[in-house]
K.L.:
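The structure that follows is given in the form of structure tokens.
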Amino acid sequence: MTQMDTKLAQVGLSTDPNTGAVSPPIYHSATFANKGYGLTNDYYYSRVKNPTRTQLEDTIAELEGGAYGFAFASGMAATSAIMQLFVPGDHLIVSEDLYGGTHRLFTQILSRYEITTTFVDTADINKVKESIMPNTKGILIETPSNPMLRVTSLQEISDFCKKHNIISIVDNTFMTPYLQRPLNFGIDIVYHSGTKYIGGHNDVICGLVVVEREDIAEKLTFIQNTTGAVLGPQDCWLVLRGLKTLALRMDRQQENAQKLAESLLNHVAVSNVYYPGVAEKVVQKLQLSQSTGFGAMLSFELKNFNLVKSLIEGFELVTFAQSLGGTETMITHPVLETHADIPEEARLRLGITNGLLRVSVGCENPDDIIKDFKAQLDRASNTTLKPV
Ligand SMILES: *Cc1c(COP(=O)(O)O)cnc(C)c1O
């Protein structure tokens, strides 16, 4: 079987039947002329289907080990489309530690349509079991979660869902199919913010969904076409291009993340480091039983919460910005940005304190990045903080 890194390096290679173009062509066409009377074409209108989008959709489906792929205008558009599989009266169990925008979708949009949600720590299967109701129709998890990097067992969730006839959904943004393929564990739906590691260069917003089950694929095809939040051909091409270097980027980024996590652990200004690669042995073991690495996202907590602003403003190489998965190391303050919409009580229970910072570790030379962190933390660990 061809290895994943080989597949990635050759994404889109010579797939154009007309020319053999090594880089797949971009079909900037809204519509396609019919060959005769009737709807006999493969392609007839680009919301329904576009050749560049098909290329990306087939590629992500293959990488995830599924049968059907879907490309959306954003990760949130993908999540919204998945949620349209559910109807008023349905209940979902959702990881309590997850992307802020997903939390907002459940609490501020889907709630209006009488789709109810219980947020629980899905890393604890007993909590999941306790939350089931007669109308529970779906479980959505993030593993590792955002921003606390908790690890949920894909197998336990999948088994539980199968037993109770519940649709299982995994946000695989942090891992990508290079590290983790949830469909292999019997998960029904896997999705991504392709904006992050898959695109990899902070130059495109994208959402991707992959399923194996034909019944779900049929419904998603209908929803995608009917609600229309498709990814444009130019953006599909950018994502395909990003995928070619995914293995290289991920390898480097997670190697860097491990080094940075270890150096943060040893710094006196830091009270906690959250990264599967430095977590308890049982967590590491679970992570490596369902993926081939720990990824490149980590969070840490400053002992003195008041120093966050000064720390962030002091960085030379680390960018303070609200995204992840690109080649550049970025730092986020979840309380201020990504998780601002999560109620304070829930945030604190999860450990998302005012002193928590999330880092997307990039592809730079790790020594440079570690040095930048150390310089800022050294400043922060002095009680009388020196000006930047
Ligand atoms: C960014 C992100 C999303 C949302 O994706 P967009 O492309 O920004 O719409 C969903 N889940 C996770 C884990 C993310 O990081």
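In this chain, residues are counted from 1 in sequence order. Read the numbers this way: they start at 1 and go in the same order the structure lists the ligands and their atoms.
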K.L.:
Can you list, pair by pair, the side-chain donor-acceptor contacts under 3.5 Å of residues 235-248, counting residues two or more places apart and other chains?
P.N.:
from: W237; atom 1: NE1; to: S23; atom 2: OG; distance (Å): 3.1
from: W237; atom 1: NE1; to: P24; atom 2: O; distance (Å): 3.2
from: K244; atom 1: NZ; to: V11; atom 2: O; distance (Å): 3.2
from: T245; atom 1: OG1; to: G242; atom 2: O; distance (Å): 3.2
from: T245; atom 1: OG1; to: R249; atom 2: NE; distance (Å): 3.1

K.L.:
Ligand 1: which residues have a non-hydrogen atom closer than 4.0 Å?
P.N.:
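Within 4.0 Å of ligand 1, protein side: S74, G75, M76, Y99, E142, D171, T173, S193, T195, K196, C206, L324.
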K.L.:
Could you tell me which residues satisfy salt bridge (charged side-chain N to carboxylate O under 4.0 Å, His left out) with D124, sequence neighbours excluded, listed by chain and number?
P.N.:
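For D124 the salt bridge (charged side-chain N to carboxylate O under 4.0 Å, His left out) partners, ignoring immediate neighbours, are K127.
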K.L.:
Identify each donor-acceptor pair in which a side-chain atom of residues 59-78 lies under 3.5 Å from a protein atom, sequence neighbours left out, and give them as a table.
P.N.:
from: T59; atom 1: OG1; to: Q55; atom 2: O; distance (Å): 2.7
from: E64; atom 1: OE2; to: N172; atom 2: ND2; distance (Å): 3.1
from: E64; atom 1: OE2; to: H192; atom 2: NE2; distance (Å): 2.6
from: S74; atom 1: OG; to: M76; atom 2: N; distance (Å): 3.4
from: S74; atom 1: OG; to: A77; atom 2: N; distance (Å): 3.0

K.L.:
Under a 3.5 Å threshold, yes or no: a donor from one side chain and an acceptor from the other, between Q10 and T6?
P.N.:
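No donor-acceptor contact under 3.5 Å links the two side chains.
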K.L.:
Any luck finding a side-chain donor-acceptor pair between D251 and Y178 under 3.5 Å?
P.N.:
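Looking only at side-chain atoms, Y178 and D251 do form a donor-acceptor pair, the distance falling under 3.5 Å.
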K.L.:
Report yes if the distance between the aromatic ring centroids of Y99 and H103 is under 6.0 Å, otherwise no.
P.N.:
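Y99 vs H103: aromatic centres not under 6.0 Å.
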